[in-house]
Amino acid sequence: MNRDNPLVLGIETSCDETGIGIVRGSRLLSNTIASSMDEHARYGGVVPEVAARAHLEELVPMIRAATEDAGIRLEDVDAIAVTYGPGLSGALMVGVGAAKALAIALGKPIYAVNHLVGHVGADVLQTDADPGTEPLEYPTIALLVSGGHTSLLLVRDLVSDVELLGETIDDAAGEAFDKVARILGLPYPGGPQIDRVALGGDPAYIRFPRGLSHHKDMEHHRYDFSFSGLKTSVARWVEQTRDAGETVPLADVAASFREAVIDILLTKAVAACTDLGVPRLLLGGGVIANARLRELAVERTDAAGIALRIPPLSLCTDNGAMIAALGAQLIMAGHEPSTLDFGADSTLPASVIQG
Amino acid sequence: MLLAIDTSAGTSVAVVDGVRGVLADIDTADTMRHAEVIGRLIAECLDRANVRVADLTGVVGGMGPGPFTGLRVGIAAARVFALGAGLPFLPVISHDAIALSRFRAGHTGGLVVVTDARRREVNWSAYSGADAAGLPVRLAAPGVAKPAVLLEPDWVYAGLVRADAVTVPAADLGRVAELLLANDRAFATDAAFYLRSPDVTLSNGPKRVS
Ligand SMILES: [Zn+2]
């Protein structure tokens with residue numbers, strides 16, 4: 001196997017994106033994605049069975065498209081990398097089964113990798129649009145926010161030392177956006193809709209609660225998140241306003257809700273940097289597409305003297321390139337391949353980088 | 001020479017050859033570990049058959065019916081193996097393999113193949129017998145039903161001999177494919193036999209919290 005500059009194909013099926021990525025070392029060659037998001041829209045959230053069915057149909061076309069896009073042949077690949085957790089179990093299993101079969105068919109090694117660590121791995125990729133980024137420095141704090149996860153990691157080394165500092169104890173932040181969008185009568189996915197409606201709204205109009213931020217929570221849940229109370233609080237506010245026969249000021253509610261989510265995310269992320277003396281923060285996950293989050297992240301990290309890194313948005317949302325990237329980093333660091341016996345682990349801890 | 005993969009019940013993998021017969025055949029009835037075992041079973045099967053990927057001429061996939069989560073693992077593996085190896089993917093209805101094995105064992109006449117569909121339901125397929133080529137002749141598309149329905153005297157296929165199975169023999173899945181190829185017959189549609197819609201309920205908007 002080429003360990004200096006390996007050509008790796010990554011397979012990602014942990015949620016509703018069927019992602020195939022191809023990298024050569026740290027260089028991105030293809031990031032091919034099919035999303036079943038539209039199929040979930042009528043249900044207001046990701047339906048695991050619908051997602052898994054879509055993965056099964058999209059895998060072969062996406063692998064074909066990715067190799068074409070990268071200008072490589074499948075047999076040129078040095079290794080296969082695949083997400084084996086955390087995520088939706090039935091969805092993960094489709095990717096795991098496919099990846100193992102592909103590795104055997106090609107006679108190539110397989111690397112089973114952690115989805116969350118993959119989000120961090122996205123940052124090492126060099127693209128044509130962004131060829132000159134400085135390499136990721138360690139240690140770094142990573143804040144990973146999507147519809148499926150909300151996690152705060154301490155990454156001492158991408159391929160060997162990742163620690164989970166905290167995560168959501170109920171809904172993921174992206175889920176909270178979806179649920180509040182429904183409360184406000186907006187379609188799925190909620191993030192972009194809330195953003196659209198919040199335009200011109202007053203983020204300080206209503207002071208919605210910041211979950212797990214009270215003094216008593218800080219002992220056991222210092223870096224954990226909670227969004228279900230926030231969601232209920234928005235619902236109650238909207239109901240009471242309607243009950244009183246008043247019009248709900250959509251822009252202000254949306255802006256205030258969004259501010260509450262973003263505030264608590266960044267407050268805890270910056271606190272982790274400060275507490276642990278780590279002057280670097282990396283963002284990942286689909287919710288990073290939120291412009292207000294990025295804007296406030298710049299503001300807060302600047303004020304605290306923290307270097308902020310945000311990979312290109314196409315690499316922030318779930319994708320196969322980040323999985324391929326992590327696989328390539330493992331190979332270049334001399335890690336041995338996974339054996340064929342791993343399964344899908346829907347609750348895989350962030351500290352387990354490779355299976 | 002064909003690699004056959006089925007995860008519609010347990011996990012089974014076989015390598016079959018039109019001339020030399022079954023070269024290797026491995027299965028497990030475990031219905032909970034499809035993703036864990038699929039790779040090892042494929043690798044071991046090729047090993048035992050002493051066959052290289054380059055020797056294969058096609059990959060057969062059991063398309064169900066069967067419980068969804070497991071079923072998909074084998075279909076994904078078979079389709080992607082075919083893609084990786086540059087081979088045709090040959091979809092076969094899993095119940096046809098069970099029927100073929102009964103006909104090969106000497107059964108003649110009608111047959112109803114029954115497998116577990118989870119959630120207190122079964123999948124069934126009815127056959128009138130084997131044709132001149134030896135292929136099972138299907139009377140209707142696979143169905144899903146409460147077990148009691150199949151026991152009712154006026155059920156449309158009530159008179160046929162019943163064959164309950166907990167595994168799908170991949171060797172017979174491969175044999176069905178060999179017979180289809182040899183007799184220039186059409187393969188099944190390349191689509192998983194789910195037989196149920198994804199069970200999701202459309203909500204009527206958010207519930208009140210106060
Ligand atoms: Zn993710």
Side-chain angles (χ1 to χ4, degrees), chain A residues 11 13 39-40 42-44 47-53 55-57 59-60 63-64 74-75 77 80 84 89-108 110 179-180 182-185 231-240 243 339-344, chain B residues 3 5 7 11 13 32-47 52-54 56 59 61 63-64 67-87 89 190-192 194 196-210:
Chain A
I11 299 180
T13 65
E39 294 171 58
H40 304 285
R42 53 195 291 246
Y43 308 112
V47 181
E49 177 62 22
V50 171
R53 289 185 182 196
H55 289 311
L56 180 62
E57 299 320 312
L59 267 172
V60 167
I63 295 173
R64 277 190 207 280
L74 267 180
E75 48 270 41
V77 161
I80 304 298
Y84 80 110
S89 170
L92 287 164
M93 283 168 66
V94 177
V96 167
K100 288 180 178 179
L102 187 58
I104 299 166
L106 297 171
K108 299 295 161 70
I110 188 166
K179 289 179 177 173
V180 167
R182 286 189 52 191
I183 291 166
L184 300 179
K231 173 202 66 192
T232 309
S233 160
V234 175
R236 191 170 293 128
W237 197 94
V238 169
E239 280 167 16
Q240 284 165 358
D243 289 351
T339 64
L340 280 174
D341 308 301
F342 64 90
Chain B
L3 172 69
I5 298 171
T7 57
T11 302
V13 183
M32 299 302 292
R33 292 170 46 82
H34 299 101
E36 282 88 340
V37 302
I38 187 76
R40 185 69 64 194
L41 291 194
I42 295 172
E44 253 182 56
C45 205
L46 292 169
D47 213 43
R52 292 168 312 154
V53 173
L56 297 169
V59 182
M63 306 307 288
F68 317 150
T69 310
L71 173 63
R72 272 190 291 266
V73 173
I75 298 175
R79 280 181 181 165
V80 172
F81 191 103
L83 175 68
L87 296 170
F89 174 66
D190 183 5
Y194 289 121
R196 280 194 201 116
S197 302
D199 54 354
V200 278
T201 42
L202 285 171
S203 101
N204 304 315
K207 291 188 192 70
R208 277 193 72 98
V209 296
S210 56

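Numbered from 1 within each chain, the chains take letters A, B, ... in sequence-line order.
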Of all of B/I38, B/T69, B/L83, B/L56, which one pairs up most often with chain A through heavy atoms under 4.5 Å apart? B/L83
Side-chain touch B/R40/A/K100, heavy atoms, less than 4.5 angstrom: no
So, the side chain of A/H55 versus the backbone of A/T13: is there a donor-acceptor pair under 3.5 Å, distance only? yes
A side-chain contact here means heavy atoms from C-beta on lying under 4.5 Å apart; do B/R79 and B/D190 qualify? yes
Please determine, among A/S89, A/G97, A/A105, the option with the most heavy-atom pairs under 4.5 Å with chain B. A/A105
A/V94 portion near chain B, given a 4.5 angstrom heavy-atom threshold: both
One should read off an interatomic distance between B/I75 CD1 and B/F89 CZ, to the nearest 0.5 angstrom, of 6.5 Å
Can any side-chain N or O of A/K108 pair as donor or acceptor with the backbone N or O of A/E75 at less than 3.5 Å? yes
Nearest 0.5 Å, what's the CD1-CG distance between A/I104 and B/D47? 10.5 Å
So what's closer than 4.5 Å to chain A heavy atoms on B/L3: side chain, backbone, both or neither? neither
If one checks every heavy atom of A/L106 against chain B at 4.5 Å, the contacting part turns out to be side chain
Can you find a heavy atom in the side chain of A/I183 that is under 4.5 Å from one in the side chain of A/K231? yes
So which part of A/L74 gets closer than 4.5 Å to some heavy atom of chain B, the side chain, the backbone, both or neither? side chain
Checking heavy atoms, do the side chain of B/V80, its backbone, both or neither come under 4.5 Å from chain A? both
Given A/V77, A/V60, A/L92, A/V96, the one with more heavy-atom pairs under 4.5 angstrom with chain B than any other is A/V60
Does any heavy atom of chain B fall under 4.5 Å from the side chain of A/E57, the backbone, both, or neither of them? both
May I ask you to test the A/D243-B/R208 pair for a side-chain heavy-atom distance under 4.5 Å? yes
Heaviest contributor of heavy-atom pairs below 4.5 Å to chain A, chosen from B/A192, B/A78, B/A76, B/G70, is B/A76
Hey, which of A/A52, A/A235, A/A344 has the most heavy atom pairs under 4.5 Å with chain B? A/A52
